[in-house]
Amino acid sequence: MKEYLLSIFEEAAKRLVYLRDLNLTFDVPKIESQGDLSSNVAMFLVKQLKKKPRDIATEIVSNLNVDKQIITKIEIAGPGFINFFFSPSFMSRIVNDILTEGENFGKSKKYSGKKANVEFVSANPTGPLTVGHGRNAVFGDTVSNLLEWIGYTVDREYYFNNAGRQMRVLGDSVRLRYLELLGQQVDFPEDHYQGEYIKDIAKSIYDEFGDIYINENAEGIFKEKAESEIFTDIKRTLERLNIKHKIFFNENSLYEEGKITNAINAFKEKNLSYEKDGAVWLKLTELGNDQDKVIVKSTGEPTYRLPDIAYHITKFDRGYDLMVDIFGSDHNATYPDVLAGLNALGYNSEKIKVLIHQFVTIMDNGVAVKMSTRKANYITIDQLIDEVGSDVVRYFFNMRNITTHMNFDLALAKKQSDENPVFYLQYANARISSILKMIENENLKSSVENIDLLTSIEEQQLLKKLYQFKNEILLSAEYFESHRICSYLEELAAAFHRFYTFCRIIGTEKKLAEARIALAMATKIVIKNGLSVLGVSAPERM
RNA sequence: GCGCCCGUAGCUCAAUUGGAUAGAGCAACAGCCUUCUAAGCUGUAGGUCAGUGGUUCGAAUCCACUCGGGCGUACCA
C-alpha cells in the first residue's frame with residue numbers, strides 16, 4: 001500500500017515542487033472511517049508554504065493520478081489529513097505475497113551486510129539466573145531476532161568476570177560448606193552466599209575427591225568448580241528459553257592480552273588522565289560529564305570503567321556496525337563514562353546503543369520480593385518456567401515496554417496462566433491448523449484464484465492487519481521495542497477470531513471457501529513468524 | 001541534594017515516537033455453542049492521561065516547576 005502511495009506522490013512531485021525531497025510517511029489511522037492509510041503532509045507543509053493545511057491538501061489531492069482499481073476514495077479530513085481508501089481487491093493481494101514468501105514473510109534486507117553485536121544477560125557466575133535476569137535475557141534475545149529479521153548478522157554475546165572479590169567470596173562459601181561436610185564446625189559468614197546450590201557444589205567436590213582439599217584455599221578448586229557448575233546451570237536455563245550465546249567474553253582476557261594497559265596508555269597519551277591521591281583519574285569533566293572518575297585505584301587495580309572501555313574497543317576492533325548493550329536500570333549511571341571515554345579515544349560511540357530496562361517487581365501475595373543472590377532470596381527463572389512454561393515466560397517479558405516498572409504477581413501467573421495473551425495467539429494458530437486438517441475431507445483446497453471475493457468487513461480487517469506485519473517488524477527493530485510485536489499479534493489474532501466466528505469455510509460456496517482457506521493459511525504464517533521473532537512456539541493443537 | 005526512569009480505567013499495560021473521538025486484556029454486568037477448537041465471539045459499564053503553567057495548526061507524548069514511586073549517585077561491578 002505504502003509503495004503505491006509513494007509512487008503516485010513521486011509522480012505528482014513533477015508538478016508540485018514542494019513535494020520533492022520530503023520524507024513521506026503514511027500512518028494507519030486508529031479509526032476505520034478515517035481510511036486505510038493517512039498522510040499528514042499538508043499540515044507538515046503549513047509553515048513552509050504559509051497556506052492553510054486543507055488548501056494544501058486539496059492541491060495535492062488534485063494532482064494525484066490514482067488508479068481507481070486500487071484506491072476507491074481519497075478524503076481530506078480534520079485539520080488537513082489526507083485519507084486513502086484502498087479497494088478490497090487490492091487488499092487481498094497480500095495473501096499471495098505471504099503464501100509465496102512463507103516463513104520469510106516480514107523479513108527485509110534493509111540492513112543486510114551489516115554486523116551487530118548484542119550483549120545481554122552478562123550475569124557473573126555466582127548463582128542461578130533469577131527472574132530479575134529474565135527480562136534482560138528474553139529482551140536481548142528478541143532484539144537479536146528482530147535485528148536478524150531486518151538483515152543484520154547478529155552475534156549474541158555474554159560478558160562475564162570470574163575474578164575479583166565476588167568470586168573469591170563465592171569460592172570461600174563453597175570451601176566452608178565443604179568443611180562442614182567433613183564434620184568441621186564452621187562459622188558461615190553473613191556476607192557469603194547462602195544458597196542451597198553452594199552446598200550442592202561442595203557435595204559434588206566431596207563425592208568426587210573426598211577430603212583431599214581440606215587445606216585448599218578458596219581460590220583453587222572451590223572457585224573453579226563453583227564457576228563451572230554455575231555456568232552449566234545458567235546455560236541450561238537459557239537453553240530452556242531458547243537462548244544461545246555465540247560468544248562468552250571473559251573480562252580476564254582483557255588483562256591477559258594487555259588491553260587494559262593499552263587503554264591506560266591511550267588516555268595518558270591524549271593527556272586525558274592524571275594522578276591524584278595515588279590513583280589515576282579520567283578527565284571526564286573535559287569530555288562533558290559531571291565529574292572526573294577513577295580508572296585505576298591507588299592499589300593499582302583498575303575500576304570497572306577501564307575494562308568496560310577496553311571491552312568495547314574489542315567490539316569496535318571486531319568490526320561491528322551496531323553494538324547493543326542491555327542493562328538493568330542499576331547500571332544507568334555507568335555507561336555515560338564509558339561512552340565518553342570511547343569517544344575521546346576516537347571511537348564513534350553512536351554505534352553503541354545502550355538499552356536500559358527497568359526492574360520487574362515480583363509480587364508474592366501482595367508483597368514485593370526483594371531479590372538478592374547472595375542472601376539466597378530469589379525466585380529463579382527455572383522455577384518460573386516449571387510453573388508456567390517457557391512460552392509464557394518469553395511472552396511475558398516481551399509484552400511490556402522496557403521503560404515500564406513492571407509488576408509481576410506470581411500467584412496470579414500461576415493461577416491465571418490460562419488467561420495469558422500468549423494462549424490467545426496460540427489458540428488462533430491451533431484453530432487454523434484444525435481447519436486445514438478438516439478441509440482435506442471436504443474436498444477443498446487453498447486457492448488465490450478468487451481471492452478478490454474476500455470483501456466482508458471481517459476479511460478486510462484481517463487483510464489490513466496482515467499488511468502491517470512487515471512494517472511492524474521494521475519499526476520494532478529500529479526502535480528496539482519488542483513489545484510492539486506482542487500488541488500487533490494480539491490485534492491480528494483478534495481480527496482472525498472474528499473472521500473465524502463470522503466467516504465459515506465449510507458449508508460455504510466453493511470459490512469463496514477456497515479463498516478463505518488461503519486467507520487463513522496466510523494468517524497462520526504471519527502468526528507463526530511473529531511468534532518466532534518473540535521466541536514463542538506455535539503449537540498445532542491445544 | 002543531584003542524575004536517569006516511571007505515574008494513563010478497579011488491576012496489568014498500549015497509544016503508529018507531536019496527529020483526528022486516549023485503546024486492549026483481566027476483573028464486573030448482559031447475551032451467543034445440534035455446523036471448521038467457547039482458551040472464542042457480541043454488547044454494557046468504567047478516564048481530571050499525577051498536578052499547574054508553557055511551546056503550536058494540534059500535547060498522554062516536548063519544555064519548566066510541584067507531588068508521588070523505582071534505580072543510581074564509590075578508589076564495588
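Naming convention: chains lettered A, B, ... in sequence-line order (proteins, then strands); numbering from 1 in each chain. The basis for the numbers below is simple: all heavy atoms, side chains too, and nothing from hydrogens, waters or symmetry mates.
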Rounding to the closest angstrom, what is the interatomic distance between B:A45 and B:G31 at atom C1'?
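Looking at atom C1' only, B:A45 and B:G31 are 15 Å apart.
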Any donor-acceptor pair under 3.5 Å joining the side chain of [X] to the base of [N]?
{"X": "A:Ser298", "N": "B:C75", "answer": "yes"}
{"X": "A:Asn420", "N": "B:A39", "answer": "no"}
{"X": "A:Asp330", "N": "B:G72", "answer": "no"}
{"X": "A:His405", "N": "B:G7", "answer": "no"}
{"X": "A:Ser38", "N": "B:A20", "answer": "yes"}

Do any N or O atoms from the side chain of [X] and from the backbone of [Y] form a donor-acceptor pair under 3.5 angstrom?
{"X": "A:Asn401", "Y": "A:Thr403", "value": "yes"}
{"X": "A:Asn398", "Y": "A:His483", "value": "no"}
{"X": "A:Asn332", "Y": "A:Ser329", "value": "yes"}
{"X": "A:Lys223", "Y": "A:Asn162", "value": "yes"}
{"X": "A:Thr303", "Y": "A:Val294", "value": "yes"}
{"X": "A:Ser349", "Y": "A:Ile352", "value": "no"}

Quick test: give all pairs of protein nitrogen or oxygen and nucleotides 59-61 of chain B nitrogen or oxygen below 3.5 Å, distance rounded to 0.1 Å.
none

So that I can compare with my own list, what are the stems of RNA chain B, taken as at least three consecutive Watson-Crick or G-U pairs with distances under 3.5 Å?
B:1-7 with B:67-73, B:10-13 with B:23-26, B:28-32 with B:40-44, B:50-54 with B:62-66
When you get a sec, tell me which of [options] is the closest nucleotide to the side chain of [X]?
{"X": "A:Glu251", "options": "B:U16, B:U37, B:A77", "result": "B:A77"}
{"X": "A:Ala77", "options": "B:A20, B:C57, B:U17", "result": "B:A20"}
{"X": "A:Ala333", "options": "B:U17, B:A39, B:G72", "result": "B:G72"}
{"X": "A:Met43", "options": "B:A14, B:C57, B:C36", "result": "B:C57"}
{"X": "A:Tyr424", "options": "B:U12, B:C41, B:C71", "result": "B:C41"}
{"X": "A:Arg431", "options": "B:A14, B:C75, B:G40", "result": "B:G40"}
{"X": "A:Ser434", "options": "B:U37, B:A14, B:C75", "result": "B:U37"}

Is A:Asn443 atom CG crowded by more than 12 heavy atoms from other residues, nucleotides or ligands, each under 6.0 Å away?
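Result for CG/A:Asn443: open.
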Apply side chain to side chain donor-acceptor pair (under 3.5 Å) to A:His192 and A:Asp172, showing your working.
CA-CA 8 Å; A:His192 278 41; A:Asp172 202 47; 2.9 Å; yes
Please table the atom pairs, donor to acceptor, closer than 3.5 Å between any side-chain atom in residues 44-51 of chain A and protein atoms at least two apart or in another chain.
none

For A:Tyr500, does the six-membered ring have the charged nitrogen or CZ of A:Arg431 within the cation-pi criterion, i.e. under 6.0 angstrom from the centroid and within 45° of the normal?
yes
Is the base of B:C33 syn or anti, where syn means the angle lies within 90° of 0?
syn
Report the glycosidic orientation of B:U61: syn if within 90° of 0, anti in every other case.
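Anti conformation for B:U61.
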Which ones in residues 163-171 of chain A lie close to RNA chain B, meaning a heavy atom under 4.0 Å from one of its atoms?
none
Heavy atom of residues 494-517 of chain A under 4.0 Å from RNA chain B: which residues?
A:His497, A:Arg498, A:Tyr500, A:Thr501, A:Phe502, A:Cys503, A:Arg504, A:Ile505, A:Ile506
Within this structure, what is the CG-to-C1' distance between A:Leu45 and B:C57, rounded to whole angstrom?
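Rounded to the whole Å, the gap is 13 Å.
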Lys/Arg-Asp/Glu bridge criterion (N-O < 4.0 Å) met for A:Glu75, A:Lys73
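Yes, A:Glu75 and A:Lys73 are salt-bridged.
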Begin from the C-alpha positions of A:Ser482 and A:Ser476 and carry the test side chain to side chain contact (heavy atoms under 4.5 Å, CB included) through to its verdict.
CA-CA 6 Å; A:Ser482 65; A:Ser476 302; over 6 Å; no
Can you list the steps and then say if A:Lys315 with A:Glu119 is a salt bridge (charged side-chain N to carboxylate O under 4.0 Å, His left out)?
CA-CA 10 Å; A:Lys315 291 189 193 174; A:Glu119 183 215 324; 3.2 Å; yes
Listed by chain and number, what are the salt bridge (charged side-chain N to carboxylate O under 4.0 Å, His left out) partners of A:Asp36, not counting sequence neighbours?
A:Lys464
